[in-house]
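Report on the structure given below.
Hydrogens, waters and symmetry mates play no part in the numbers below; they use all other heavy atoms, side chains included. Lettering of chains follows the sequences in order, A, B, ..., and the numbering in each one begins at 1.
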Number of protein chains: 2
Amino acid sequence: MDTETVASVRRFNRTVTERVGALDESYLGRGRPLGETRLLWEIGPDGVDVRDLRRRLGLDAGYASRLLRSLESERLVVVEPGSPDRRVRRARLTAKGRAERGELDRLSDGLAASLLEPLEQSQRARLVAAMDEVERLMRASLVTITVADPADADARWCIEQYFAELGERFEDGFDPAISIAAPIDELKPPTGLLLVAHLRRQPVGCGALKLRPGRPVELKRMWVSPEVRGLGLGRKLLRELERHAAAAGADTVRLETNRSLTEAIALYRTAGYREVEAFNSEAYAHHWFEKRL
Amino acid sequence: MDTETVASVRRFNRTVTERVGALDESYLGRGRPLGETRLLWEIGPDGVDVRDLRRRLGLDAGYASRLLRSLESERLVVVEPGSPDRRVRRARLTAKGRAERGELDRLSDGLAASLLEPLEQSQRARLVAAMDEVERLMRASLVTITVADPADADARWCIEQYFAELGERFEDGFDPAISIAAPIDELKPPTGLLLVAHLRRQPVGCGALKLRPGRPVELKRMWVSPEVRGLGLGRKLLRELERHAAAAGADTVRLETNRSLTEAIALYRTAGYREVEAFNSEAYAHHWFEKRL
DNA sequence: TCCATTGTCTGACTCTAGTCAAAGAGTATC
DNA sequence: GATACTCTTTGACTAGAGTCAGACAATGGA
């Protein structure tokens with residue numbers, strides 16, 4: 001990576017942390033330690049299980065407990081045994097807590113506005129546009145791809161979303177019963193493999209392989225959540241899947257797809273897949289592709 | 001400011017602090033508290049007076065002293081009485097300190113690169129371009145304008161830069177002796193006023209008024225440092241000067257300028273100045289402008 | 001029923017990043 | 001030479017943010 005590029009990034013980091021960091025830390029305190037504020041914020045209007053809260057913020061159990069006690073003593077939060085498991089406690093905001101959270105929300109808005117405030121109208125528009133671009137691209141680089149157990153909640157959620165989208169986009173809807181089955185529990189070694197992409201612990205995409213010894217690997221269940229489309233996640237997933245296929249000893253990857261999935265088809269073509277004769281009788285397929293690894 | 005704009009800024013803040021902040025704080029530690037690292041960095045290859053160091057980082061005297069002791073005990077820094085004033089101590093890096101600082105530099109580079117690393121080539125280019133834009137505009141919003149004593153080092157530096165630039169840009173060079181004098185020490189109340197713009201405590205621009213009771217205010221010494229041009233600082237300075245002129249009771253502002261200063265002329269025109277007959281015999285002037293406040 | 005596991009709470013501790021006041025050493029000014 | 005002032009150091013203190021181990025209560029299986 002060339003020096004000028006790195007220098008740009010370093011300049012950016014410096015200016016932005018100076019400007020954004022300083023504001024955030026000083027103004028959002030509201031006389032309360034920042035840790036408590038973060039907690040108050042994350043509890044959200046509907047309450048959360050303390051366990052999830054801890055996991056989401058990466059807090060030590062003891063520390064989290066103490067922070068909650070402190071928020072409780074300010075009457076901003078109540079913590080009560082959850083159901084059905086009474087060990088997992090649930091934190092909820094009180095009316096006062098919700099009011100305080102609303103106040104924080106307003107403050108954050110004000111803070112954001114104060115970043116733009118010293119600028120001319122046209123400069124503001126340019127800044128916001130550039131911020132959107134930076135944010136999108138950084139978000140893209142925060143996506144992680146991991147091998148998942150198809151029984152995981154996140155994995156199942158992705159596959160549900162995938163089916164739901166097929167139902168919307170296929171001309172005649174989509175009924176999994178008519179499609180060639182790739183039973184979900186086969187998508188783990190040794191018969192298959194499932195990758196799930198996460199962004200900030202939220203699942204945002206998936207892709208799977210069907211592995212059968214001596215036969216080409218089949219690519220299945222490629223899905224990218226609408227909120228992260230256009231960031232190259234599809235291509236990244238595809239590359240990862242191919243890597244796993246090669247590692248499993250395959251020399252060919254195959255897939256079939258429906259003509260309505262135009263961006264997927266474009267992706268396959270630019271990734272080196274070439275269209276081949278139908279190699280199965282999938283009811284919903286119009287195109288069959290193959291790539292030698 | 002509309003909701004979508006504010007939401008964009010908030011999204012940006014969140015993603016960027018998560019991505020940049022986390023990296024910065026964890027990786028740049030090198031087993032040393034961050035405060036010490038900052039100090040090490042700021043001392044720089046040539047050493048600094050402890051007093052300046054403290055002022056630059058905004059540190060408490062006691063705290064700074066302790067940090068320096070700690071760096072000294074690691075043999076990264078030596079602090080010795082300065083000359084000529086032996087109260088003002090001077091901090092210098094040892095060879096080990098310079099090596100360590102170099103290491104930090106390399107780490108920062110790596111960190112910057114790691115932000116780009118997960119992206120495709122074309123996405124990288126877009127990210128860097130957007131970062132440059134954000135950085136420039138945020139830098140613009142960090143500029144502060146204050147009334148300065150013309151005897152201040154920063155003020156004198158700006159005016160020197162201004163003369164130097166005139167020397168370069170005027171077709172026949174510039175000799176202050178031939179120009180109508182605006183003796184520098186007149187640029188303070190009640191005979192005048194000098195504004196200096198700072199960016200991170202560095203002077204980056206200036207502008208002055210000559211005030212004479214019962215006569216139009218004269219605008220002088222408008223200069224913007226090349227590194228912040230194109231960010232609207234000139235217009236901002238001009239507005240501030242007009243504000244001060246009005247506050248001093250003036251109803252008219254006048255100025256003369258050289259034809260080679262095209263962007264300044266454009267600025268005056270769009271700011272409501274209209275060209276008038278020559279009202280003085282300034283040797284270097286080709287245009288005279290006036291604005292009623 | 002017993003027992004390992006999970007989730008939470010508490011007390012005791014650490015480290016970082018400060019602040020504040022007093023005092024010493026040097027310098028400037030009368 | 002006395003005195004005021006500046007720069008720095010030192011000691012004593014604080015708050016925030018977090019770690020770690022032990023205790024205890026629910027839960028899930030064998």
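In this structure, R86(A) has no salt bridge (Lys or Arg N to Asp or Glu O under 4.0 Å) partners at least two apart in sequence or on a different chain. Residues meeting the side-chain contact (heavy atoms from CB on, under 4.5 Å) test with Q161(A), sequence neighbours left out: W157(A), W223(A).
The minimum heavy-atom distance linking L187(B) with A208(B) is given by the pair CD1-CB, 3.8 Å. Between E18(B) and L142(A), the shortest heavy-atom distance links the atoms OE2-CD1, 4.2 Å.
Counting only residues at least two apart or on different chains, the side-chain hydrogen bond (donor to acceptor under 3.5 Å, both in side chains) pairs with a member in residues 68-79 of chain B are R32(B)-E74(B), E36(B)-S70(B), S65(B)-R69(B), R69(B)-E72(B).
One N or O on the side chain of T17(A) and one on the backbone of R14(A) form a donor-acceptor pair closer than 3.5 Å.
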Can you give the donor-acceptor pairs under 3.5 Å from side chains of residues 42-61 of chain B to other protein atoms, not counting sequence neighbours?
unit_1: E42(B); atom_1: OE1; unit_2: R56(B); atom_2: NH1; d: 2.8
unit_1: D49(B); atom_1: OD1; unit_2: R90(B); atom_2: NH1; d: 2.7
unit_1: D60(B); atom_1: OD2; unit_2: G62(B); atom_2: N; d: 2.8
unit_1: D60(B); atom_1: OD2; unit_2: Y63(B); atom_2: N; d: 2.9

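Distance, R69(B) CZ to dT9(D) C1': 7 Å, rounded to whole Å. Across the protein-nucleic acid pair, E72(A) atom CD and dC9(C) atom C1' stand 12 Å apart, rounded to whole Å. L57(B) has its CG atom 18 Å from the P atom of dT16(C), to the nearest Å. Rounded to whole Å, atom P of dA17(C) lies 8 Å from atom CG of L67(B). Rounded to whole Å, the distance from CZ on R55(B) to C1' on dT6(D) is 11 Å. The CG atom of L68(A) sits 15 Å away from the C1' atom of dG18(D) (whole-angstrom rounding). A straight line from CZ of R90(B) to C1' of dT8(D) spans 16 Å, rounded to a whole angstrom. Across the protein-nucleic acid pair, L39(A) atom CG and dG16(D) atom C1' stand 15 Å apart, rounded to whole Å.
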Scoring nucleotides 20-30 of chain D by protein non-hydrogen atoms under 4.0 Å (B base, S sugar-phosphate only, - none) yields B-----BS---

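Taken residue by residue, residues 41-53 of chain B places heavy atoms nearer than 4.0 Å to DNA chain D at V50(B), R51(B).
For dT8(C), one of the phosphate oxygens OP1 or OP2 lies less than 4.0 angstrom from a side-chain nitrogen or oxygen of R54(A). For R38(A), a side-chain nitrogen or oxygen approaches OP1 or OP2 of dG18(D) to under 4.0 Å.
Side chains of E186(B) and T191(B): no donor on one and acceptor on the other come within 3.5 Å.
Ionic pairing of E100(B) and K96(B) is not present here: no N-O contact between side-chain nitrogen and carboxylate oxygen is shorter than 4.0 angstrom.
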